[in-house]
Every structure is written in C-alpha cells, then in structure tokens.
Amino acid sequence: QREDAQRTVNARLREIRAAARRLGDELAPVVESPPAAAADIPAAVASFEAIRAGAKQAVDAALNAIGVIFNASPAYAEWGAGELVTLRLEWQLFESHMPVNSLPRLRAAAESLERLNYQCWDLTLAPDINDVLENLDVGQPLDIAATFGSGMPRSAERRKQLLQSLAQQR
C-alpha cells in the first residue's frame, strides 16, 4: 500500500487536473467556434472568468501542499522536484495569458490547460488504475475510456501519449 504522503501528492495532482479540465471545458466551445469579432471574446468567456479565481486558489494550494511534502521528504523531492517545477511553470504560463481577450491568448490559455491536465494524468494514471484494479475480479477487463475518459486530455494524440507512457511503467 502506498504511503500517506504519496496518496496526498496524488490527491493534490488530481485537484490540479480537475481544475485544469474544468477551466478547459469552459474555453473549449469558444476555441472551437470563436466569435467573429475579437471584441466579443471577453463576453464569450464570461463563465470561464467566473470560475478562474476559485480554480487558481485550488491549484495554488495544491502546488504548495505538494511542495511542503517534497520539502519534508528527500525521497519524494528526488522523485518529483522536476515534475513540480514543470507544473508550476505551466500554471504560470497559463496565467500569463490572462486576461483572455484575443483569439491567440484564448488558444494559448487552452493549450496550457491541456498540457497541465496531461502532466497530472501522466503522474496519476498508474496509481488510479491500481486503485480500480483492486475492485475488479480476476480476468475482468478494465475499460480505461469508460472509467477515466471524461477527465482525460481532449487531444487524441495526448491520450495516445498517456497510454504509451503508462505502458512503459511498472
């Protein structure tokens, strides 16, 4: 059984991926069908702006909590310090695209969220699968798409990369 610290790190990574996915869900329709005039973009992303502050608070708290665990444990720091830096930098990159008031900024913000979601999935998919497998009967197949699909990265290429990464893990 995984240690409490590892479970806490994974829980915080799940919080980050949920926030990234939720924000991305708000941007996706506007990215897919942007307004004809750039001046209409702020109104089109009003629901995104309404939840962004709460998501920022959740992501910042999760990143800080992971940092505290890594600071207390050299073993965890060795495993995840680089990952934590990558997550922090991606979140900062996302925030640098605020406010979303032009189509290029909108697309860049959506892409940052997709990368953040992917990174968190890459770190948590194997433990998530292990948790699900404990509840399956021997020989019962695990349908990854049905079990995890709704929150996974939107991009088919990223989902493929995620499964390839999973196949390389033990």
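Quick note: numbers below take in every heavy atom, side chains included, and nothing from hydrogens, waters or symmetry partners.
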### Message
Under 3.5 Å, is there a donor on one side chain and an acceptor on the other for Gln6 and Asn10?
### Response
yes
Specify the closest pair of heavy atoms between [X] and [Y], including all atoms of both residues, with the distance to one decimal.
{"X": "Ala62", "Y": "Glu15", "answer": "CB-OE1, 3.8 Å"}
{"X": "Pro153", "Y": "Arg158", "answer": "CB-CB, 3.8 Å"}
{"X": "Gly67", "Y": "Leu84", "answer": "CA-CD2, 3.7 Å"}
{"X": "Asp40", "Y": "Pro35", "answer": "CB-CB, 3.6 Å"}
{"X": "Ala109", "Y": "Val100", "answer": "CB-CG2, 4.2 Å"}
{"X": "Ile16", "Y": "Cys120", "answer": "CG2-SG, 3.5 Å"}

State yes or no: do [X] and [Y] share one hydrophobic cluster built from I, L, V, M, F, W and Y residues joined by side-chain heavy-atom distances below 4.5 Å, directly or via other members?
{"X": "Leu103", "Y": "Val31", "value": "yes"}
{"X": "Met152", "Y": "Leu113", "value": "no"}
{"X": "Leu27", "Y": "Leu93", "value": "no"}
{"X": "Leu166", "Y": "Val132", "value": "yes"}

Test side chain to side chain donor-acceptor pair (under 3.5 Å) applied to [X] - qualifying residues, sequence neighbours left out:
{"X": "Arg159", "answer": "none"}
{"X": "Arg17", "answer": "Thr124, Asp128"}
{"X": "Arg154", "answer": "Asp25"}
{"X": "Asn71", "answer": "none"}

### Task
Could you list all the salt bridge (charged side-chain N to carboxylate O under 4.0 Å, His left out) pairs where at least one residue sits in residues 80-90, not counting sequence neighbours?
Glu90-Arg115
### Message
Enumerate the salt bridge (charged side-chain N to carboxylate O under 4.0 Å, His left out) contacts for residues 52-64, please, sequence neighbours excluded, ordered by first and then second residue.
### Response
Glu49-Arg52, Lys56-Asp60, Lys56-Glu95
Quick one: does [X]'s side chain get under 4.5 Å of [Y]'s, heavy atoms only?
{"X": "Glu26", "Y": "Val45", "value": "no"}
{"X": "Val59", "Y": "Leu63", "value": "yes"}
{"X": "Gln164", "Y": "Lys160", "value": "yes"}
{"X": "Pro34", "Y": "Ile41", "value": "no"}

### Message
Looking at Ser73 and Ile69, would you say the former's side chain and the latter's main chain have a donor-acceptor pair under 3.5 Å?
### Response
no
### Query
Of all residues at least two apart in sequence or in a different chain, which pass the side chain to side chain contact (heavy atoms under 4.5 Å, CB included) check with Pro99?
Asn101, Arg105
### Non-neighbouring partners of Ala55 that pass side chain to side chain contact (heavy atoms under 4.5 Å, CB included), sequence neighbours left out
Ala19, Leu23
### Task
Would you sort out whether Leu133 and Leu136 count as a side-chain contact (heavy atoms from CB on, under 4.5 Å), showing the intermediate values?
CA-CA 5 Å; Leu133 288 176; Leu136 296 179; 3.8 Å; yes
Gap between atom [atom2] of [Y] and atom [atom1] of [X] - 0.5 Å precision:
{"X": "Leu125", "Y": "Leu163", "atom1": "CG", "atom2": "CG", "answer": "7.0 Å"}
{"X": "Arg14", "Y": "Leu123", "atom1": "CZ", "atom2": "CG", "answer": "11.0 Å"}
{"X": "Ser155", "Y": "Gln161", "atom1": "OG", "atom2": "CD", "answer": "7.0 Å"}
{"X": "Arg21", "Y": "Asn117", "atom1": "CZ", "atom2": "CG", "answer": "6.5 Å"}
{"X": "Trp91", "Y": "Leu116", "atom1": "CH2", "atom2": "CG", "answer": "7.0 Å"}

### Pairs touching residues 100-147 that satisfy ring pair (Phe, Tyr, Trp, His ring centres under 6.0 Å), sequence neighbours left out
Trp121-Phe148
### Pairs flagged by ring pair (Phe, Tyr, Trp, His ring centres under 6.0 Å) wherever residues 44-65 is involved - sequence neighbours left out
none
### Query
When clusters are formed from ILVMFWY side-chain contacts under 4.5 Å, directly or step by step, what else is grouped with Val85?
Leu89
Less than 3.5 Å apart, which donor and acceptor atoms pair up between the side chains of residues 138-145 and the rest of the protein, not counting sequence neighbours?
residue, atom, partner, partner atom, Å
Gln140, OE1, Asp137, N, 3.0
Asp143, OD1, Ala145, N, 3.2
Asp143, OD1, Ala146, N, 3.1

